[in-house]
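What follows is a single structure, written as structure tokens, with notes after it.
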Number of protein chains: 2
Amino acid sequence: MRLSTKGRYGVTAMIHLATYFNKGPVSLKDIAQELDYSEAYMEQLFAALKKERLVASQRGAKGGYSLAKDPSDITVGEIIKALEGPIEFSSCVGGTENFKCKKSTHCVTKEVWEQVNDSINNVIDHITLGDLLKKYDTN
Amino acid sequence: MRLSTKGRYGVTAMIHLATYFNKGPVSLKDIAQELDYSEAYMEQLFAALKKERLVASQRGAKGGYSLAKDPSDITVGEIIKALEGPIEFSSCVGGTENFKCKKSTHCVTKEVWEQVNDSINNVIDHITLGDLLKKYDTN
DNA sequence: GGATATTCCGAGTGGAATAGTAGGGATTAT
DNA sequence: ATAATCCCTACTATTCCACTCGGAATATCC
């Protein structure tokens with residue numbers, strides 16, 4: 001039960017990008033080198049981040065990626081969900097799965113999973129890159 | 001990003017067992033049939049639950065499993081952790097991994113993961129089988 | 001004491017997901 | 001033109017998940 005590397009890499013890379021906010025685009029090559037990630041793999045992550053309009057891209061020489069918004073307007077939750085899809089600690093939530101609830105045991109557990117999901121979302125949706133930058137600067 | 005079936009099956013099965021508390025052991029066969037899970041797979045789960053002393057076993061004919069404690073003394077968190085190991089939304093928590101933190105970016109993210117882990121644990125460690133049984137009964 | 005019901009144990013397996021690679025095409029600054 | 005960069009699709013190796021399988025040990029019942 002853990003986040004995949006996408007979420008971790010993504011958040012870390014976005015913090016890195018945030019430190020260059022309003023200083024022009026940063027190339028994937030630079031990001032990958034700085035954080036010691038695979039550049040080709042990062043391409044995939046940034047494609048997803050761009051799709052959700054969290055980053056903007058500049059093609060060609062001297063191009064790269066930059067934050068699409070102010071760091072304080074981007075939450076960790078948005079980044080994670082862009083890369084990994086919605087947070088679901090367990091299923092039988094949201095009604096997508098056709099579960100047998102004949103004994104209602106399942107429905108009792110459903111409440112548990114919902115509480116967990118809510119608490120996770122409550123944390124990650126309220127931490128912005130701006131918050132993290134502050135801590136970063138004071139280190 | 002979700003719990004595996006072990007956690008789900010385990011919690012559901014334990015609620016089922018709780019409804020038979022103090023009524024003698026229930027065989028895996030019965031549990032598996034009732035909940036429509038694979039019996040052989042459940043064996044593995046119950047081995048782990050027994051190891052953590054959440055259930056007690058009775059071998060031989062008329063044997064089976066029973067809760068090792070009062071339902072109100074068993075939390076959902078204990079069950080999940082017995083089956084899936086500790087909750088780690090992301091790593092770089094607990095210091096087991098030797099991460100490069102030269103830019104301190106990683107350490108900023110570490111706080112995020114810790115907050116998420118804490119919030120998950122806070123939910124699942126405070127819901128007992130007893131709590132769930134009450135809801136189950138009033139349905 | 002033999003048939004039967006059960007837990008216990010270790011190993012194996014097929015499929016899905018993860019974590020990348022690889023190769024080329026499109027765009028832009030210089 | 002050239003070099004740097006993003007863009008896109010497909011491929012691959014490894015790991016993890018959700019089981020299955022075969023048998024041994026133990027207890028009950030007749």
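Protein chains get the first letters and strands the later ones, always in sequence-line order, with residue 1 at the start of each.
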Whole-Å gap separating P (dT6(C)) and CD (Glu39(B)) | 9 Å
Working for side-chain contact (heavy atoms from CB on, under 4.5 Å), residues Tyr65(B) and Leu28(B) | CA-CA 7 Å; Tyr65(B) 289 94; Leu28(B) 275 186; 3.6 Å; yes
Do Ile124(B) and Lys81(B) pass the side-chain contact (heavy atoms from CB on, under 4.5 Å) test, and can you show the C-alpha distance, the side-chain angles, and the key distance before you say yes or no?
-> CA-CA 10 Å; Ile124(B) 64 180; Lys81(B) 286 166 196 165; 4.3 Å; yes
Hey, is the side chain of Ser38(B) poking within less than 4.0 Å of OP1 or OP2 on dT20(D), counting only N and O atoms?
-> yes
With distance as the sole test, does Asp131(B) use its side chain to make a donor-acceptor pair with the main-chain N or O of Thr128(B) at under 3.5 Å?
-> yes
End axis versus end axis in the helix from dG1(C)-dC30(D) to dT30(C)-dA1(D), the angle rounded to 10°, five pairs used at each terminus | 10°
Is a donor on one side and an acceptor on the other found under 3.5 Å between the side chain of Glu84(A) and the backbone of Ser4(A)?
-> yes
Between dC8(D) (P) and Met42(A) (CE): distance, integer Å | 18 Å
Residue pair Gly63(B)/Ala40(B) against DNA chain D: nearer the 5' end by closest nucleotide is Ala40(B)
Which is it for Tyr37(A) and Thr5(A) under the side chain to side chain donor-acceptor pair (under 3.5 Å) test, yes or no, and what are the steps along the way?
-> CA-CA 10 Å; Tyr37(A) 297 154; Thr5(A) 55; over 6 Å; no
Solution key, residues 54-64 of chain B side-chain donor-acceptor pairs under 3.5 Å, sequence neighbours excluded:
residue	atom	partner	partner atom	Å
Ser57(B)	OG	Lys50(B)	NZ	3.0

With a non-hydrogen cut-off below 4.0 angstrom, is Gly60(A) in contact with a base, only sugar-phosphate, or nothing?
-> base
Please work out if Lys50(A) contacts a base, only the sugar-phosphate, or nothing of the nucleic acid, heavy-atom cut-off 4.0 Å.
-> sugar-phosphate
Which residues within residues 22-31 of chain B lie with some heavy atom under 4.0 Å of an atom in DNA chain C?
-> Ser27(B), Leu28(B)
Are any side-chain N or O atoms of Asn121(B) and backbone N or O atoms of Asn117(B), one a donor and one an acceptor, separated by less than 3.5 Å?
-> yes
Side-chain N,O (Thr5(B)) to OP1/OP2 (dA18(D)) below 4.0 Å = yes
Decide if atom OH of Tyr41(B) counts as having more than 12 heavy atoms of other residues, nucleotides or ligands within a radius under 6.0 Å.
-> yes
Full working for side-chain contact (heavy atoms from CB on, under 4.5 Å) between Phe46(A) and Leu17(A) = CA-CA 11 Å; Phe46(A) 272 82; Leu17(A) 256 197; 3.8 Å; yes
Tell me which of Ser57(B) and Lys6(A) sits closer to the 5' end of DNA chain C, going by the nucleotide each one is nearest to.
-> Ser57(B)
Whole angstrom is fine here: how far is it from NZ in Lys51(B) over to C1' in dC9(C)?
-> 13 Å
Classify the side chain of Glu43(A) versus the base of dC7(D) as yes if they form a donor-acceptor pair under 3.5 Å and no if they do not.
-> yes
Just how far, in rounded Å, is P of dC9(C) from CG of Leu45(B)?
-> 15 Å
Round to the nearest Å and state the distance from Tyr37(B) atom OH to dC17(D) atom C1'.
-> 16 Å
Across the strands shown, which category fits Phe46(A) at heavy-atom distances under 4.0 angstrom: base, sugar-phosphate, nothing?
-> nothing
Report the distance from atom CD of Glu84(B) to atom C1' of dC17(D), rounded to the nearest whole Å.
-> 11 Å
Atom-pair distance (CG on Leu83(A); P on dA19(C)), nearest Å = 12 Å
Reckon Tyr9(B) has a side-chain N or O less than 4.0 Å from the OP1 or OP2 of dC19(D)?
-> yes
Interatomic distance, Gln33(B) CD vs dA5(C) C1' [rounded to whole Å] = 14 Å
Kindly say if Tyr65(B) contacts the phosphate of dC8(C), meaning a side-chain N or O under 4.0 Å from OP1 or OP2.
-> yes
Nearest listed nucleotide, side chain of Tyr41(A), among dT21(C), dC19(D), dA29(C) | dT21(C)
Per nearest nucleotide of DNA chain C, the residue lying toward the 5' end, Arg59(A) or Gln58(B), is Gln58(B)
Might you work through the side-chain contact (heavy atoms from CB on, under 4.5 Å) test for Trp113(B) and Glu88(B), ending with a clear yes or no?
-> CA-CA 8 Å; Trp113(B) 314 139; Glu88(B) 267 194 326; over 6 Å; no
Looking only at N and O atoms, is any donor in the side chain of Gln44(A) or the base of dT21(C) less than 3.5 Å from an acceptor on the other one?
-> yes
Backbone of Thr75(A) reached by a side-chain donor or acceptor of Glu78(A) within 3.5 Å = yes
